[in-house]
A.B. asks: 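Before anything else, here's the structure in question.
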Amino acid sequence: NWFKYIKTNLKFIKIKKNSEILEYGCGAGAFLSFWYGKKYNLNGIDYSKTLIKKGKQYFPKIKFQLGEISKIKSFNKKFDLIFSHSVFHYFNEYNYAESLIKNMLSRLKTNGYVYILDIPDRDKEHVFKERLIKKFGSKEYKKKYGSYTHLFYKKSFFKDLAKKNNLEIKIINQNFKNYENSKYRYNVIFQRVRRKTI
């Protein structure tokens, strides 16, 4: 089911063999494992020392870096795909999310992709929280999610970023039946396209 989920999301982009791929918030490499052993150059950044250590044990051919997005500069190369899965809702503010995307873009090849997956939809936040209250009950919800700090994003946030940075953008609503939160989330693909000159 996990690989089916990844494959479903990847059908919107075209990645060639030997491409340079980087995941921000890679954990121990679960998402990157989809490409492992298939002639791709895999790289990952995560702030968890424990997960990076495990990743190096499980996937010794992946180049892991410990740290925040600033560590992207320690990879002395540019990437065909830079992605982040189920990470952006953990941020405290939108300015940080914007600065992170700009860091990604600084290391992106022409015609490369920045792909942000599993973004909570601001327009569905109320419905999402109502579902949790119905599922757990009001008292248990407050106990479990009283300090709920996940960040929800308007799609216009990403559209404005694309416009400011002269990027192509595609927004895809998730609809994966084996993932309960999927109906409240979407994915964003930025692409830096080389413009043809006349």
Side-chain angles (χ1 to χ4, degrees), residues 2-36 38-46 55 59 62-65 68-69 71-72 75 77-91 94 96-122 150-176 179 181-194:
W2 175 241
F3 273 11
K4 186 179 178 182
Y5 170 75
I6 296 173
K7 198 171 181 179
T8 299
N9 285 313
L10 292 177
K11 69 182 180 181
F12 301 101
I13 60 175
K14 294 177 182 177
I15 298 296
K16 297 177 182 177
K17 296 285 185 181
N18 299 312
S19 288
E20 293 285 351
I21 298 172
L22 172 69
E23 180 179 10
Y24 174 73
C26 62
F31 207 109
L32 287 168
S33 69
F34 178 81
W35 291 285
Y36 197 72
K38 297 178 183 176
K39 295 185 180 178
Y40 295 94
N41 301 309
L42 304 178
N43 310 267
I45 304 172
D46 200 279
F59 308 111
I62 296 176
K63 294 173 185 172
F64 288 101
Q65 287 281 6
E68 276 297 316
I69 191 62
K71 275 289 181 180
I72 199 169
F75 295 97
K77 56 188 170 185
K78 291 201 171 185
F79 298 93
D80 300 282
L81 169 64
I82 302 172
F83 75 96
S84 187
H85 176 265
S86 203
V87 170
F88 271 59
H89 55 282
Y90 291 116
F91 301 154
Y94 298 108
Y96 180 77
E98 184 172 351
S99 67
L100 191 147
I101 292 168
K102 286 178 179 177
N103 265 300
M104 290 176 167
L105 292 170
S106 73
R107 290 290 174 172
L108 189 67
K109 291 181 183 178
T110 302
N111 296 324
Y113 303 95
V114 167
Y115 198 173
I116 303 163
L117 299 102
D118 208 34
I119 303 163
D121 191 340
R122 181 69 180 83
H150 283 185
L151 200 60
F152 286 72
Y153 295 79
K154 287 269 192 185
K155 290 175 181 174
S156 57
F157 172 81
F158 297 101
K159 289 176 183 176
D160 291 343
L161 263 174
K163 190 175 181 180
K164 282 194 283 186
N165 293 280
N166 198 27
L167 303 167
E168 298 287 331
I169 185 172
K170 184 180 287 186
I171 297 177
I172 305 114
N173 290 319
Q174 283 199 26
N175 187 21
F176 196 72
Y179 177 32
N181 289 339
S182 182
K183 65 183 81 168
Y184 309 103
R185 304 211 170 169
Y186 62 92
N187 303 331
V188 172
I189 302 171
F190 295 115
Q191 189 177 22
R192 175 171 284 151
V193 179
R194 181 183 283 118

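Keep in mind it's a predicted model, so treat the numbers as computed, not measured. Values below: all heavy atoms of this structure, side chains included; hydrogens, waters and symmetry mates excluded.
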A.B. asks: So, for Phe176 and Ser182, which heavy atoms are closest and what is the spacing to 0.1 Å?
C.D. replies: N-OG, 2.9 Å
A.B. asks: Which atom names give the shortest non-hydrogen contact between Phe3 and Ser33, and what distance separates them?
C.D. replies: CE1-OG, 3.6 Å
A.B. asks: Once rounded to the nearest 0.5 Å, what's the spacing between atom CD1 of Ile6 and atom NZ of Lys11?
C.D. replies: 15.0 Å
A.B. asks: Without hydrogens or angle criteria, can the side chains of Arg192 and Tyr113 be said to hold a donor-acceptor pair below 3.5 Å?
C.D. replies: no
A.B. asks: Kindly say whether Ile116 contributes a backbone atom to a donor-acceptor pair with the side chain of Ser84 at under 3.5 angstrom?
C.D. replies: no
A.B. asks: Please answer whether the main-chain N or O of Asp118 pairs with a side-chain N or O of Asn187 as donor and acceptor at a distance below 3.5 Å.
C.D. replies: yes
A.B. asks: Ignoring hydrogens and geometry, is there a side-chain-to-backbone donor-acceptor pair from Tyr115 to Leu10 under 3.5 Å?
C.D. replies: no
A.B. asks: Carefully, step by step, assess His150 and Tyr90 under the rule ring-ring contact (aromatic ring centres under 6.0 Å, His included).
C.D. replies: CA-CA 6 Å; His150 283 185; Tyr90 291 116; 5.2 Å; yes
A.B. asks: Among Arg107, Met104, Lys102, whose side chain to side chain contact (heavy atoms under 4.5 Å, CB included) with Ile69 holds?
C.D. replies: Met104
A.B. asks: Please report the closest heavy-atom contact between Ala97 and Phe157, naming both atoms and the distance.
C.D. replies: CB-CZ, 4.1 Å
A.B. asks: Under 3.5 Å, side-chain donor or acceptor atoms of residues 17-24 against the rest of the protein: list the pairs with distances, not counting sequence neighbours.
C.D. replies:
residue, atom, partner, partner atom, Å
Lys17, NZ, Lys38, O, 3.2
Ser19, OG, Lys16, N, 3.4
Ser19, OG, Lys16, O, 2.6
Glu20, OE1, Asn43, ND2, 3.4
Glu20, OE1, Lys77, NZ, 3.0
Glu20, OE2, Asn41, ND2, 3.3
Tyr24, OH, Glu68, OE1, 2.6
Tyr24, OH, Tyr96, OH, 3.4

A.B. asks: Ring centres of Phe31 and Phe83 under 6.0 Å apart?
C.D. replies: yes
A.B. asks: Any side-chain donor-acceptor pair under 3.5 Å between Lys155 and Asn173?
C.D. replies: yes
A.B. asks: Val193 and Thr110: which non-hydrogen atoms are nearest, and at how many Å?
C.D. replies: C-CG2, 4.3 Å
A.B. asks: Search all heavy atoms of Pro120 against all heavy atoms of Phe152 and return the closest pair with its distance.
C.D. replies: CB-CD2, 3.4 Å
A.B. asks: So does Cys26 get a backbone contact from the side chain of Asp46, meaning a donor-acceptor N/O pair under 3.5 Å?
C.D. replies: yes
A.B. asks: When rounded to the nearest 0.5 angstrom, what distance separates NE2 in His85 from CG in Asn9?
C.D. replies: 6.5 Å
A.B. asks: Decide if the gap between the ring center of Tyr94 and the ring center of Tyr153 is smaller than 6.0 angstrom.
C.D. replies: yes
A.B. asks: For the CD1 atom of Ile45 and the CZ atom of Phe75, what is their distance to the nearest 0.5 Å?
C.D. replies: 5.0 Å
